[in-house]
Amino acid sequence: MNPPRIRPARTPDVRAIRGLIDEYSGDGHLLAKAAVTIFEDIQEFVVVEVDGEVVGCGALHVMWEDLAELRTVAVAGTHVRSGIGSMIVTELIQRARDLGIRRLFCLTFMVDFFVEHGFDEIDEAPVDHDVYEQLLQSYDEGVAEFLGLERVKPNTLGNHRMLLELR
């Protein structure tokens, strides 16, 4: 087995990404995503390959000038606890830094994993009122989750809001 290799996702990876999401959306650990949504957001994703097979994915979604969300981090069950999740998060944190992002948000059940990467639990959306009002104009479900809007709460019950301040 060759070492894992991380790279930007491409459109031919969408079916594999969708398979990873489906592996975790049935139990509510990830929100299901339509293939069209993954295609629309493909430039946000990275994937990890082992011997030519996509075994992990994750995305960085910019929400505001200094704020982005780490989303859709998933590792194939056969590769859990192999360092692939950490590889994905580390790459996405670096991408955020490269974009000038100062704060990374995630909504997760995997609290300990994200704590290991420097995230802290938070209670509220970490934006001021003016930014909150601007974010309300977004059609993105992830932004709605971030804001804690009532319409997404049935999908996010039990998740923990986490934030990483980049320096």
- Message: Quick one, I6 and V47 - any side-chain contact, counting heavy atoms below 4.5 Å?
- Response: no
When rounded to the nearest 0.5 Å, the distance separating CD1 of I21 from SG of C57 is 5.5 Å
- Task: Check the hydrophobic clustering (I, L, V, M, F, W, Y; side-chain heavy atoms under 4.5 Å; chains of links allowed) and say if L99 and I93 are grouped together.
- Result: yes
In this structure, CZ of R103 is separated from CD of E65 (nearest 0.5 Å) by 10.0 Å
When rounded to the nearest 0.5 Å, the distance separating CG of L70 from CZ of R95 is 11.5 Å
Taking every heavy atom of A9 against every heavy atom of I42, the minimum-distance pair comes out as CB-CD1, 3.6 Å
Discussion item. Could you check whether any side-chain N or O of D66 sits under 3.5 Å from a backbone N or O of I101, counting only pairs where one atom can act as donor and the other as acceptor?
Written reply: no
For M162 and F114, the nearest pair of non-hydrogen atoms, with its separation, is SD-CB, 3.8 Å
Review point. Applying the 4.5 Å side-chain criterion to the ILVMFWY set and letting contacts propagate, would V111 and F105 be lumped into a single cluster?
Key: no
Worksheet item: Hey, are the side chains of F119 and L104 touching, using non-hydrogen atoms and a 4.5 Å cut-off?
Response: yes
message: Please check this pair: side chain of R102 against backbone of G100, looking for a donor-acceptor N/O pair closer than 3.5 Å.
response: no
Could you pull out every donor-acceptor pair under 3.5 Å between side chains of residues 29-39 and any protein atom, sequence neighbours left out?
unit_1: H29; atom_1: ND1; unit_2: D27; atom_2: OD1; d: 2.9
unit_1: H29; atom_1: ND1; unit_2: D27; atom_2: OD2; d: 3.0

**Q.** Heavy-atom side-chain contact between D120 and V115 under 4.5 Å
**A.** no
Are side-chain N/O atoms of E69 and H61 paired as donor and acceptor at under 3.5 Å? no
Margin query: Other residues, nucleotides and ligands only: do more than 12 of their heavy atoms fall within 6.0 Å of CD on Q43?
Written below: yes
inquiry  = Do the side chains of D123 and R161 get close enough for a salt bridge, i.e. N-O under 4.0 angstrom?
reply    = no
Of all heavy-atom pairs linking A96 and L166, the shortest is CB-CD1, 3.9 Å
Legend entry - Full working for side-chain contact (heavy atoms from CB on, under 4.5 Å) between T90 and M87: CA-CA 5 Å; T90 300; M87 181 184 284; 6.0 Å; no
Worksheet item: Same hydrophobic cluster for M63 and L92, using side-chain heavy-atom links shorter than 4.5 Å among ILVMFWY?
Response: no
Practice problem: Start with the C-alpha gap between D22 and R15, add the side-chain angles, then the distance that decides, and say whether salt bridge (Lys or Arg N to Asp or Glu O under 4.0 Å) holds. | Solution: CA-CA 10 Å; D22 289 350; R15 282 173 183 71; over 6 Å; no
query = Are V50 and V73 connected, step by step, through hydrophobic side chains (Ile, Leu, Val, Met, Phe, Trp, Tyr) whose heavy atoms are closer than 4.5 Å?
reply = yes
Do L163 and I122 have side-chain heavy atoms sitting under 4.5 Å apart? yes
Electrostatic pair R7-E49, nearest N-O below 4.0 angstrom
yes
- prompt: Is there a path from L107 to V75 through hydrophobic residues (I, L, V, M, F, W, Y) whose side chains come within less than 4.5 Å of each other?
  reply: no
Practice task
Return yes if some donor-acceptor pair links the side-chain N/O of S82 with the main-chain N/O of H79 below 3.5 Å, else return no.
Solution key: yes
Closest heavy-atom pair, A16 versus V54, reported as atoms and distance to 0.1 Å, is CB-CB, 3.7 Å
Start with the C-alpha gap between T72 and F45, add the side-chain angles, then the distance that decides, and say whether side-chain contact (heavy atoms from CB on, under 4.5 Å) holds. CA-CA 9 Å; T72 321; F45 278 88; 3.8 Å; yes
Next on the checklist: I want to check something: taking the side chain as every heavy atom from C-beta on, are H117 and C106 in contact at a cut-off of under 4.5 Å?
Outcome noted: no
Distance col, row T108:OG1 vs R71:CZ, nearest 0.5 angstrom, shows 13.5 Å
On a heavy-atom basis, the closest approach of G77 and Y24 is N-OH, 3.9 Å
Closest heavy-atom pair, A68 versus L60, reported as atoms and distance to 0.1 Å, is CB-CD1, 3.7 Å
